[in-house]
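Only one structure is covered here, and it is reproduced in the block below.
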Amino acid sequence: MRIKKMEELREMGVNPYPYKFEKTHDALLLQEKYAELAMGEETNDKVIVAGRIMAYRNSGMFIDLQDVTGRIQVFCHKNRLDEQQLKVISLFDLGDIIGVYGYIRRTPRGELTINAEKVDLLSKSLLPLPEKYHGLTDKEVRYRQRYLDLIMNESTRVTLRNRSKIIASIRQYLNGLDFLEVETPMLHSIFGGAAALPFSTHHNTLNMKLYLRVAPELYLKRLIVGGLSEKVFELNRCFRNEGISFKHNPEFTSIEIYQAYADFSDMMDLTENIISYVAETVFGTLDFEYDGKQISFKGPWARRSMLDLIHDVTNVHFGELDNEQAYQEAKKLGIDVPKGANWGKIVEAVFGEKVETKLIQPTHVTHFPREISPLAREDRDNPRLTERFESFVNGWELANAFSELIDPIDQRGRFEQQMSERGAGDVEAHPMDEDFVTSLEYGMPPTGGLGIGIDRLIMLLTGSLTIRDVIAFPTLRPKTD
RNA sequence: GGGCGCAUAGCUCAGCGGUAGAGCAGCUGACUUUUAAUCAGCGGGUCGAAGGUUCGAUUCCUUCUGCGCUCACCA
């Protein structure tokens, strides 16, 4: 039916898909500029706008046009338009993209309107839009056909635009501190930098197995060793072949930041500074409501050691226990710890079970056990621990940072420990990366490193309850019927 | 991966052991100051897929597929 209309238009000499259109104004700007225009008042101000037809009333006399900034009504009156134009308008459908030349007025009913003297078809839409009142609510369609979701749902447009602004402001902040943005490989022959399962792929010409990176960490540190810059960051995608949930997508965006001559407490400051800058810049506030909870990013954030937090909740001093005692205490607390788990894994399990979800307000959880932190430097006061922290907000891990391990001999030993865990069945343990250790052998300056989960940050700042709402095209199974 | 739930018109949804309904969208007409426009009329469906039970299945059962919620997993 719409194709028939299109043919009719072609016969009239109207190209349904023209090449170019010069517009002069956006809907929102006009709404703001003429906010004071009185009801019923006419102007001689000529404007040219373009957008998609979202409503079509009185046989096309009133058309609601939606552009990227908002909506504005178009008035097509027969006194101002010739036969040909009226015929063209009668062949418009909801969803068509049109350009309008006309004069600004406010109707007696109060609606800012463009009194059209010429209307051009800019793109014929061949498919009907979802229902105008209820809109598009089917989540599957919204994720699979995001273009439709964007056409129909203002909130989707706002969230994804805010995503862009958030990311731009992070870059802006770091550039202002002389950080150098770099790009390191997405395809790794050895995966590393995080305890996670990788996607694997194959390169034909080299006939080799490659992995999609789970983290850029080991390459960024090589750049620090080389002295490309004392301050580097990479803001881009990582890939983990793991479960999907409201806060996990197989491909996700992280930022990793490395600063030579800094340590983990500098990274705590940096974490707070980046997030408060972004919040102020994009939203003009540090106070947010997420899922009914008030969250304030106002600094300084609480800084508590993992063992202290566990003690607060359980009254157990895990720091004073050996492996076996820790195992018994964890069992007493009703925590399911795998047999043979080391002290660090037990402490981590207790923390995950008893503490994590309680950390609603931004909190830096410091001093993670050594065994679960193979890339982090030993704590200067306690060799069981590392100078590592994770920042928790709303019970989620938002950031992870350490004083980087720069001692090559210690690092090699950590990799060897990881490999023996791997041999014992831990598929997420790090494989040895000889070249990385070699780079450390040339000498890496003391360095602080920080990683922030960008998608989760965006969720918190935009109030999105699922990661799929902050990723334009989230991972879905292909539709097969 | 486990549990629960959902899948009917382009969209939002009813419905039911006797092969289907509304509103919006669409088409025809009326109407030139409407804004969820209105009024009159019309068309529109492999009821997610495949099996089974039944005289008969969109409906009941099984399996599959997709999605959602949730638990597990996941720094």
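A, B, ... follow the sequence lines: proteins, then strands. Residue 1 opens every chain.
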Which nucleotide, [options], lies nearest any side-chain atom of [X]?
| X | options | answer |
| --- | --- | --- |
| A/Arg57 | B/rU33, B/rA25, B/rA37 | B/rA37 |
| A/Pro128 | B/rG10, B/rU12, B/rC11 | B/rG10 |
| A/Lys139 | B/rU33, B/rC69, B/rA37 | B/rC69 |
| A/Phe75 | B/rA37, B/rU12, B/rU33 | B/rU33 |
| A/Thr107 | B/rU33, B/rA36, B/rG26 | B/rU33 |

Check: Hey, are A/Arg157 and A/Glu154 close enough for a salt bridge, meaning a charged N less than 4.0 Å from a carboxylate O?
Finding: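 Yes.
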Item checked: Electrostatic pair A/Asp469-A/Arg163, nearest N-O below 4.0 angstrom ->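 No salt bridge links A/Asp469 with A/Arg163.
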Nucleotide paired to [N] in any strand shown, Watson-Crick or G-U, under 3.5 Å:
| N | result |
| --- | --- |
| B/rC11 | B/rG23 |
| B/rC55 | B/rG18 |
| B/rC47 | none |
| B/rA37 | none |
| B/rG5 | B/rC67 |

Notebook entry, point to check: A/Tyr211 and A/Phe199: aromatic ring centres closer than 6.0 Å?
Noted result: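 Judged by ring-centre distance (under 6.0 Å), A/Tyr211 and A/Phe199 do not meet the cut-off.
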Using a heavy-atom cut-off of 4.0 Å across all strands, would you classify [X] as base, sugar-phosphate, or nothing?
| X | answer |
| --- | --- |
| A/Lys5 | sugar-phosphate |
| A/Asp93 | sugar-phosphate |
| A/Arg456 | nothing |
| A/Leu127 | nothing |
| A/Gly451 | nothing |
| A/Phe368 | nothing |
| A/Glu131 | base |

Short question: side chain of [X], backbone of [Y] - any donor-acceptor pair under 3.5 Å?
| X | Y | result |
| --- | --- | --- |
| A/His430 | A/Gly193 | yes |
| A/Arg240 | A/Phe252 | no |
| A/Thr386 | A/Phe368 | yes |

Please report, rounded to the nearest Å, how far the [atom2] atom of [N] is from the [atom1] atom of [X].
| X | N | atom1 | atom2 | value |
| --- | --- | --- | --- | --- |
| A/Leu129 | B/rA36 | CG | C1' | 15 Å |
| A/Met152 | B/rG10 | CE | P | 16 Å |
| A/Gln66 | B/rU35 | CD | P | 20 Å |
| A/Leu112 | B/rU33 | CG | C1' | 14 Å |
| A/Phe246 | B/rC67 | CZ | P | 19 Å |
| A/Ile72 | B/rU33 | CD1 | P | 20 Å |
| A/Met54 | B/rC11 | CE | P | 15 Å |
| A/Glu242 | B/rG1 | CD | C1' | 14 Å |

Checklist line | Lys/Arg cation over aromatic A/Phe415: A/Arg412, 6.0 Å, 45° cone | finding: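 Cation-pi check for A/Arg412 and A/Phe415: fails.
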Taking atom [atom1] in both [N] and [M], what distance in whole Å separates the two?
| N | M | atom1 | value |
| --- | --- | --- | --- |
| B/rG15 | B/rG26 | P | 27 Å |
| B/rG10 | B/rG44 | P | 13 Å |
| B/rC42 | B/rA36 | C1' | 23 Å |
| B/rC47 | B/rG17 | C1' | 15 Å |
| B/rC73 | B/rA14 | C1' | 40 Å |
| B/rC71 | B/rC39 | P | 47 Å |
| B/rG1 | B/rC16 | C1' | 36 Å |
| B/rA7 | B/rU58 | C1' | 12 Å |

Item checked: Geometric class of the A/Phe392/A/Phe351 ring pair [parallel <30°, tilted 30-60°, perpendicular >60°] ->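 Ring orientation of A/Phe351 relative to A/Phe392: perpendicular.
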Does [X] have a side-chain nitrogen or oxygen under 4.0 Å from the phosphate oxygens OP1 or OP2 of [N]?
| X | N | result |
| --- | --- | --- |
| A/Thr137 | B/rU12 | yes |
| A/Arg477 | B/rU65 | no |
| A/Lys132 | B/rA25 | yes |

Next item on the list: Determine, for nucleotides 3-9 of chain B in 5'-to-3' order, which nucleotides have protein heavy atoms under 4.0 Å from the base (write B), from only the sugar-phosphate (write S), or from neither (write -).
Entry: -------
Item checked: Side-chain-base donor-acceptor pair under 3.5 Å for A/Arg105 and B/rU33 ->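 Per atom types, the contact qualifies.
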Margin query: I want to confirm an ordering. Mapping A/Glu348 and A/Leu476 to their closest nucleotides on RNA chain B, which one lands closer to the 5' end?
Written below: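 Looking at RNA chain B, the more 5' nearest nucleotide goes with A/Leu476.
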Check: Starting at the 5' end of RNA chain B and moving along, which residue's nearest nucleotide shows up first, A/Ala196 or A/His77?
Finding: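 Result: A/His77.
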Margin query: Please report the interatomic distance NE2(A/His364) to CE(A/Met306), rounded to the nearest 0.5 Å.
Written below: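 CE of A/Met306 is found 14.5 Å from NE2 of A/His364.
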Check: In Å, rounded to the nearest 0.5 Å, how long is the span from CG of A/Leu30 to CD1 of A/Ile104?
Finding: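 Answer rounded to 0.5 Å: 4.5 Å.
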Checklist line | Residue of the set A/Arg377, A/Lys221, A/Arg222 for which salt bridge (charged side-chain N to carboxylate O under 4.0 Å, His left out) holds with A/Glu404 | finding: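 Testing each of A/Arg377, A/Lys221, A/Arg222 against A/Glu404, the sole residue satisfying salt bridge (charged side-chain N to carboxylate O under 4.0 Å, His left out) is A/Lys221.
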